[in-house]
Protein chains: 2
Amino acid sequence: MSSTRRAPRARPETLAKRTEILRAATATFGAKGYNRGPLTEIADQVGMTHAGILHHFGSKDQLLVEVLKYRDRTDVEGLQDQRMPDGLDRFRHLVRTAFANESRHGIVQAYAVLSAESVTDDHPGRAYFQERYRTLRQDLREAFEDACAERGITVPATVDRAAASILAVMDGLQVQWLLARDDVELAEASAFAIEALVGAVLDPRPSLLGEAGSVAADARSATDRDA
Amino acid sequence: MSSTRRAPRARPETLAKRTEILRAATATFGAKGYNRGPLTEIADQVGMTHAGILHHFGSKDQLLVEVLKYRDRTDVEGLQDQRMPDGLDRFRHLVRTAFANESRHGIVQAYAVLSAESVTDDHPGRAYFQERYRTLRQDLREAFEDACAERGITVPATVDRAAASILAVMDGLQVQWLLARDDVELAEASAFAIEALVGAVLDPRPSLLGEAGSVAADARSATDRDA
DNA sequence: GAGACGTTACTACACTGTCAGTAAGTAAGA
DNA sequence: TCTTACTTACTGACAGTGTAGTAACGTCTC
């Protein structure tokens, strides 16, 4: 809860040390989660004591927030022209990211663990992930709108669901992949799913499973146990 | 590590108390995760001390395993004839589950948190989730094979990816829903995504994004930072 | 010599698991 | 049916560990 907004009188080596800490923290939080990821382990990796870490970041909570922001920053750096592609290219970019992620096991694990952990009570990363998903969904909605405009079709009502689903399938596959890397093809499956979901929006087909309404009604009436 | 395989000389009230503990543990692990879910909080809910819980389950690790097994047991009870439907009905059943889940916030949260937490080092739930996903993927593969046989088409190579993707999208949507219940329609989005993915397997269409190969090659060459 | 950087030493606490002991139940034999 | 022997279901106290944060102190660098 210590809200010391750190505005360090940036010396160059200090900046380097701080990013070194951020990378170490990513590794530890990825391996053990936030709760079981002790500051001492992070400190060891950068040749410091845990009190040194606290000097830089004020609190462990704050460190987590900085770790998450840091990843976003480096992600954008990877882009040539510093901005996201639009239209269908946005989805192609997602597929590329999925391929790239196969060699970024540490970060993938950190994100998978932290995003799910963030739904627990009073988690310091909660606001971050809420905002992140909100932004990403909005992003994809716009990509869909662009793609629709290009093809001269009206924007279907399914874009909201599709946007959420695309992010969901990428996240979900990461968890399965982390648990069984030999059985799950992270990138290929992501590509397949994104393709399928984009296709379902831009070129919808009649339902194979029956209208949502009927299945829904069916579902509502059955299984009325509450846990 | 205390491997006291508990085979309790089942007294009826004892059994009841034990399931009471399992339900309380589900609530606590759901709210705080396994690591931050203390035994004392579980004990309080059932009017006991934490030592009492340990008497019944031997260790906290073992308790978690029992919690997970317990949920599986109750899930199967919900089914009328005790066995999973096959073919396309299997997917309809998934959609029904998604609808039912909207009123089972507690269990959904427990599963979302625990499954992601399980990818961390030495997590006691790891083996459980590995097995669970393996089984579920196999399940869905078979459902696809049935559906293909029914329609007289050969089984496409995409079934593996689709099976993993369907589970993934359901899990991923749950996380987003838990973080923003007003913005994400868990059930409707799940239905949409499952429909899209099943459709993409049974009735494939030409790619909108370009062949996987090209995008893959593109991806491999770019973004070669490792985290 | 002022402030940033970092250490050592310490406090405070949360949590799991152990242990000894108690109360209540259960089974068996006379 | 009373007694004895044993088991189950706990409690309360405590040990041990891991961990976040604080405070006081150096030390290097502008």
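Convention: sequence-line order gives letters A, B, ...; per-chain numbering from 1.
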TODO: Answer yes or no: does a side-chain N or O of A:Thr14 lie under 4.0 Å from OP1 or OP2 of C:dC5?
DONE: yes

Open item on the list: Between C1' on D:dG21 and NZ on A:Lys60, what's the gap in Å once rounded to a whole number?
Closed with: 12 Å

TODO: Take the protein atom NZ of A:Lys32 and the nucleotide atom P of D:dA20, then report the distance between them rounded to whole Å.
DONE: 11 Å

Task: Separation of atom CZ in A:Arg18 from atom P in C:dG6, rounded to whole Å - done: 10 Å

- [ ] Hey, could you give me each pair passing salt bridge (Lys or Arg N to Asp or Glu O under 4.0 Å) that has a residue in residues 33-54 of chain B? Not counting sequence neighbours.
- [x] B:Lys32-B:Glu41

- [ ] Give a yes/no verdict on a cation-pi contact between B:Arg90 and B:Phe144, requiring under 6.0 Å between NZ or CZ and the six-membered ring centre and an angle within 45° of the axis.
- [x] no

TODO: Just compare C:dC15, C:dG17, D:dC10 and give me whichever is closest to any side-chain atom of B:Ser59.
DONE: C:dG17

Task: Value in whole Å for how far the C1' atom of D:dA9 lies from CG of B:Leu15 - done: 14 Å

Task: For B:Phe29, all residues meeting ring-ring contact (aromatic ring centres under 6.0 Å, His included), sequence neighbours excluded - done: B:Tyr34

Open item on the list: Rounding to 10°, can you tell me the angle the first-five-pair axis of the helix from C:dG1-D:dC30 to C:dA30-D:dT1 makes with its last-five-pair axis?
Closed with: 10°

Task: Rounded interatomic separation in angstrom, taking NE2 from B:His50 and P from C:dT16 - done: 7 Å

- [ ] When you get a sec, tell me which of D:dA9, D:dG21, C:dG17 is the closest nucleotide to the side chain of B:Leu54?
- [x] C:dG17

Task: Row check, A:Tyr70 ring normal vs A:Arg23 NZ/CZ: under 6.0 Å, within 45° - done: no

Open item on the list: Without decimals, in angstroms, what is the distance between A:Glu20 CD and C:dC5 C1'?
Closed with: 14 Å

Task: B:Asp160: side chain to side chain donor-acceptor pair (under 3.5 Å) partners, not counting sequence neighbours - done: B:Arg141

- [ ] Take atom CG of B:Asn35 and atom P of C:dC15, then tell me their distance rounded to the nearest Å.
- [x] 11 Å

Open item on the list: On DNA chain D, does the nearest nucleotide to B:Arg36 precede the nearest nucleotide to B:Lys17 from the 5' side, or the other way round? Give the residue.
Closed with: B:Lys17

Task: Set of ring-ring contact (aromatic ring centres under 6.0 Å, His included) partners for B:Phe192, sequence neighbours left out - done: none

Open item on the list: Heavy atoms from C-beta onward define the side chain here; which of D:dG21, D:dT22, C:dT18 lies closest to that of A:Ala51?
Closed with: D:dT22

Task: Phosphate contact (C:dG6 OP1 or OP2) by A:His55 side-chain N/O below 4.0 Å - done: no

Open item on the list: Base of C:dG6, side chain of A:His56 - is there a donor-acceptor contact under 3.5 Å?
Closed with: no

Open item on the list: What is the separation between atom CG on A:Leu39 and atom P on D:dT22, rounded to the nearest whole Å?
Closed with: 12 Å

Under 3.5 Å donor-acceptor pairs involving side-chain atoms of residues 123-130 of chain A, not counting sequence neighbours:
residue  : atom : partner  : partner atom : Å
A:His123 : ND1  : A:Gly125 : N            : 2.9
A:His123 : NE2  : A:Glu117 : OE1          : 3.1
A:Arg126 : NH1  : A:Val119 : O            : 3.0
A:Tyr128 : OH   : A:Leu68  : O            : 3.4
A:Tyr128 : OH   : A:Asp72  : OD1          : 3.0
A:Tyr128 : OH   : A:Asp72  : OD2          : 2.8
A:Tyr128 : OH   : A:Tyr111 : OH           : 2.4
A:Gln130 : NE2  : B:Leu179 : O            : 2.9

TODO: Compare side-chain N and O positions of B:Thr49 against OP1 and OP2 of D:dG12 and report whether any pair is under 4.0 Å apart.
DONE: no

Open item on the list: Nearest heavy atom decides the nucleotide; on that basis, is A:Ile53 or B:Pro38 closer to the 5' end of DNA chain C?
Closed with: A:Ile53

